[in-house]
Amino acid sequence: MEIIDTNDPSLKSWIPVAQGSDFPIQNLPFGIFKLEDEHPRAGVAIGDFILDLYECQKEDFFGALLIDDSVFENYFLNDLIKLGKYKTRALRFAVSLLLREENQTLQNRKDVYKKFLHPQSEVEMLMPINPGDYTDFYSSIAHATNVGKMFRPDNPLLPNWKHLPVGYHGRCSSIVVSGTEIRRPKGQIVLKDQTDPVYSETKELDFELEMAFITHEGKMQGLHITTEEADDFIFGMVIFNDWSARDIQRWEYVPLGPFLSKSFASSISPWVVTLDALEPFRCEGEKQIPEVLNYLKFTGKKNIDINLEVLIQPEFAETTVVSKSNYKYLYWNMAQQLAHQTINGCNIRSADIYASGTISGEDRTSFGSMLELTWRGTNPIIMSSGNERKFIDDYDTVIMKAWSEKDGVRIGFGEVSGKILPALKD
Ligand code: MN
């Protein structure tokens with residue numbers, strides 16, 4: 001079975017899919033949804049609907065794949081992802097067949113819109129995965145250079161940056177699904193012209209525009225994954241907002257890197273778009289000079305063309321688009337990130353999450369954080385309402401969107417949004 005079968009631009013579904021929908025039959029992303037009074041289930045997005053994989057399983061539509069029912073009636077996609085690349089690919093193919101206009105299996109059933117398809121507007125989307133580990137990389141050269149310039153004007157990129165994909169191990173307990181409200185964090189900050197810290201709410205709350213990939217079960221501990229094998233261990237991708245408190249970060253990050261300035265929350269989009277669905281959008285990345293060590297070399301197109309957008313929606317004013325960027329701007333690709341992550345023999349697990357780092361382009365309109373967009377608050381953004389923003393205010397909702405588009409096919413990720421609540425009083 002070829003991936004191309006499911007990605008063919010000429011495929012049509014018997015379910016009406018509006019022009020410009022994120023979820024045509026060529027996409028088929030996986031997620032976990034909840035109907036009232038039902039156990040959470042795995043589903044696939046198609047147009048404005050969700051195909052209920054548990055109901056399909058009960059009718060034996062995926063019988064040949066020998067998957068246990070519990071995989072589909074589940075709080076998370078972890079067990080589904082643990083089936084591995086070939087079985088999940090076969091499952092997506094089986095779903096594609098069921099939804100094609102020429103397939104009669106499901107479309108002629110009287111109960112089709114009652115049992116097998118649910119309007120997305122009527123269900124609650126839950127966290128798609130229960131991540132066991134989370135890494136955040138720092139793979140955009142424009143972002144690393146921008147941040148470097150603010151702190152070291154003469155020497156923005158540190159000597160290791162072009163030799164390895166810099167990253168750190170983050171906190172997975174506080175990763176939440178889109179729509180979850182985020183409480184403004186508190187911690188130690190050093191006020192202007194002071195040397196000692198105070199305990200305060202953050203005054204520099206920021207977003208980071210990132211994408212993240214989610215892995216299949218890897219190899220045994222002690223072994224490593226090569227750049228050539230990497231795709232076999234990547235299930236799919238989500239949009240990732242790595243909320244950051246810049247003033248807390250500035251005081252705490254030396255010498256071991258970010259800690260409480262990041263761990264209070266990160267938000268992800270609910271639909272996991274498979275790497276297979278993104279195949280048609282592969283592209284070349286920037287040429288890497290100096291040459292990288294052998295284990296980081298790769299062949300073929302490893303970057304992906306994914307449009308990215310960030311919007312800020314104040315509580316009582318118009319929404320403003322504050323950034324337009326693209327995933328293809330990354331200097332280090334997923335294959336290199338995964339090869340580097342495992343080169344020391346570190347094992348990876350099903351449903352681990354690996355975020356890209358903030359994705360900025362060359363010019364200001366494509367910067368992926370307020371830190372860069374307002375240059376540390378010195379050049380505020382003017383909102384549609386005329387108000388200024390240096391960082392994120394209470395009751396602002398930050399929305400990120402992502403989509404690839406080519407040959408009349410749009411592979412969308414939906415969105416990740418999060419509203420900021422005021423810090424708790426104490
Ligand atoms: Mn980050």
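Residue numbers run from 1 in the order of the sequence given.
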A.B. asks: Please tell me if the side chains of Leu308 and Met400 come closer than 4.5 Å, counting only heavy atoms from C-beta onward.
C.D. replies: no
A.B. asks: Can you tell me how far CZ of Arg41 sits from CG of Leu126, rounded to the nearest 0.5 angstrom?
C.D. replies: 12.5 Å
A.B. asks: Would the distance check show the side chain of Thr374 and the main-chain N or O of Ile381 forming a donor-acceptor pair, the cut-off being under 3.5 Å?
C.D. replies: no
A.B. asks: For the residue pair Ser139 and Gln337, confirm or rule out a side-chain donor-acceptor distance under 3.5 Å.
C.D. replies: yes
A.B. asks: May I ask you to decide if Leu338's main-chain N or O and Thr342's side chain share a donor-acceptor pair within less than 3.5 Å?
C.D. replies: yes
A.B. asks: If the threshold is 4.0 Å, N to carboxylate O, is there a salt bridge linking Glu204 and Arg376?
C.D. replies: no
A.B. asks: Taking C-beta and beyond as the side chain, do Lys219 and Ile225 meet within less than 4.5 Å on heavy atoms?
C.D. replies: yes
A.B. asks: Nearest 0.5 Å, what's the CE-CD distance between Met383 and Gln313?
C.D. replies: 9.5 Å
A.B. asks: If I take atom CD1 from residue Ile175 and atom SG from residue Cys172, how far apart are they, to the nearest 0.5 angstrom?
C.D. replies: 6.0 Å
A.B. asks: Taking only residues two or more places apart in sequence, or in another chain, which ones meet Glu309 in a salt bridge (charged side-chain N to carboxylate O under 4.0 Å, His left out)?
C.D. replies: Lys324
A.B. asks: Looking at Arg183 and Leu424, would you say the former's side chain and the latter's main chain have a donor-acceptor pair under 3.5 Å?
C.D. replies: no
A.B. asks: Applying side-chain contact (heavy atoms from CB on, under 4.5 Å) between Phe30 and each of Ile81, Ile129, Leu91, Val273, report the one that passes.
C.D. replies: Leu91
A.B. asks: Using a 4.5 Å cut-off on heavy atoms from C-beta on, say whether the side chain of Ser267 contacts that of Ile182.
C.D. replies: yes
A.B. asks: Between Lys262 and Glu208 (salt bridge meaning N to carboxylate O under 4.0 Å), is one present in this structure?
C.D. replies: yes
A.B. asks: Are more than 12 heavy atoms from other residues, nucleotides or ligands located less than 6.0 Å from atom CZ of Phe259?
C.D. replies: no
A.B. asks: Could you tell me whether the side chains of Ser244 and Gln249 share a donor-acceptor contact shorter than 3.5 Å?
C.D. replies: no
A.B. asks: Considering residues at least two apart in sequence or located in another chain, which fulfil the ring pair (Phe, Tyr, Trp, His ring centres under 6.0 Å) criterion with Phe213?
C.D. replies: Tyr354
A.B. asks: The criterion is salt bridge (charged side-chain N to carboxylate O under 4.0 Å, His left out); which residues satisfy it with Glu318, sequence neighbours excluded?
C.D. replies: none
A.B. asks: Answer whether the closest heavy-atom distance between the side chains of Phe207 and Met370 falls below 4.5 Å.
C.D. replies: yes
A.B. asks: Are His216 and Phe235 close enough that their ring centers fall under 6.0 Å?
C.D. replies: yes
A.B. asks: First locate atom CE of Met334, then atom CD of Gln341, and finally report the distance between them rounded to the nearest 0.5 Å.
C.D. replies: 14.5 Å
A.B. asks: Checking salt bridge (Lys or Arg N to Asp or Glu O under 4.0 Å) for the pair Glu59/Lys115: CA distance, chi angles, key distance, verdict?
C.D. replies: CA-CA 11 Å; Glu59 299 282 332; Lys115 199 168 171 188; 3.3 Å; yes
A.B. asks: Does this structure show an ion pair linking Asp396 with Lys419, if we count only N-O contacts that are shorter than 4.0 Å?
C.D. replies: no
A.B. asks: Is it true that, when you exclude Glu362 itself, more than 12 heavy atoms of the residues, nucleotides or ligands shown sit nearer than 6.0 Å to its CD?
C.D. replies: no
A.B. asks: So, using ring pair (Phe, Tyr, Trp, His ring centres under 6.0 Å) as the criterion, who are the partners of Tyr113 when residues are at least two apart?
C.D. replies: Phe49
A.B. asks: Taking atom types as modelled and ignoring hydrogens, do the side chains of Asp276 and Thr274 form a donor-acceptor contact shorter than 3.5 angstrom?
C.D. replies: no
A.B. asks: Would you say the side chain of Thr397 lies within less than 4.5 Å of the side chain of Glu315, judging by non-hydrogen atoms?
C.D. replies: no
A.B. asks: Using the salt bridge (charged side-chain N to carboxylate O under 4.0 Å, His left out) criterion, which residues pair with Asp394? Sequence neighbours excluded.
C.D. replies: Arg184
A.B. asks: Please enumerate all residues that pass ring pair (Phe, Tyr, Trp, His ring centres under 6.0 Å) together with Tyr329, with sequence neighbours excluded.
C.D. replies: none
A.B. asks: Is it true that Ser384 and Thr320 share a donor-acceptor pair across their side chains at a distance under 3.5 Å?
C.D. replies: yes
A.B. asks: With a 4.5 Å heavy-atom cut-off, do Arg100 and Trp14 have their side chains touching?
C.D. replies: no
A.B. asks: Using modelled atom types only, decide if a donor and an acceptor are shared between the side chain of Ser350 and the backbone of Glu217 within a distance under 3.5 Å.
C.D. replies: no
A.B. asks: Answer whether the closest heavy-atom distance between the side chains of Ile214 and Ile234 falls below 4.5 Å.
C.D. replies: no
A.B. asks: Taking the side chain as every heavy atom from C-beta outward, state whether Phe93 and Asp5 have any atom pair closer than 4.5 Å.
C.D. replies: yes
A.B. asks: We want to know whether His340 and Tyr295 form a side-chain donor-acceptor pair, criterion being a heavy-atom distance below 3.5 angstrom.
C.D. replies: yes
A.B. asks: For Asn146 and Glu372, what are the C-alpha separation, side-chain angles and deciding distance, and is it a side chain to side chain donor-acceptor pair (under 3.5 Å)?
C.D. replies: CA-CA 7 Å; Asn146 282 340; Glu372 296 163 270; 2.8 Å; yes
A.B. asks: Looking only at the side chains, is there a donor atom on one of Ser269 and Glu415 sitting less than 3.5 Å from an acceptor on the other?
C.D. replies: no
A.B. asks: Is it true that a side-chain atom of Glu73 and a backbone atom of Asp69 form a donor plus acceptor pair closer than 3.5 Å?
C.D. replies: no
A.B. asks: Between Asp52 and Tyr54, what is the shortest heavy-atom contact and its length?
C.D. replies: OD1-N, 3.1 Å
A.B. asks: Scan Lys301, Lys85, Arg89, Lys302 and name whichever one has a salt bridge (Lys or Arg N to Asp or Glu O under 4.0 Å) with Asp231.
C.D. replies: Lys302
A.B. asks: Examine distances only and state if a side-chain atom of Asp8 and a backbone atom of Ser10 form a donor-acceptor pair shorter than 3.5 Å.
C.D. replies: yes
A.B. asks: Checking Ser261 against Glu252: is there a side-chain donor and acceptor pair closer than 3.5 Å?
C.D. replies: yes
A.B. asks: Verify the distance criterion only: is there a donor paired with an acceptor across the side chains of Asp305 and Asn326 at less than 3.5 Å?
C.D. replies: yes
A.B. asks: Does the gap between the ring centers of His169 and Tyr134 come in under 6.0 Å?
C.D. replies: no
A.B. asks: Can you tell me how the ring of Phe151 sits relative to the ring of Tyr253, calling it parallel under 30°, perpendicular over 60° and tilted otherwise?
C.D. replies: tilted
A.B. asks: Between Asn130 and Asn78, do the side chains contain an N or O donor and an N or O acceptor separated by less than 3.5 Å?
C.D. replies: no
A.B. asks: Mind checking whether Phe72 and Phe62 have ring centres under 6.0 Å apart?
C.D. replies: yes
A.B. asks: Do you know which of Ile141, Ile304, Ile359 makes side-chain contact (heavy atoms from CB on, under 4.5 Å) with Leu330?
C.D. replies: Ile359
A.B. asks: Between the side chains of Gln120 and Asp48, is a donor N or O closer than 3.5 angstrom to an acceptor N or O?
C.D. replies: no
A.B. asks: Under 30°, 30 to 60°, or over 60°: which ring-plane class applies to His143 and Tyr138, parallel, tilted or perpendicular?
C.D. replies: perpendicular
A.B. asks: Mark yes or no for whether Asn333, through its side chain, and Gln336, through its backbone, hold a donor-acceptor pair below 3.5 Å.
C.D. replies: yes
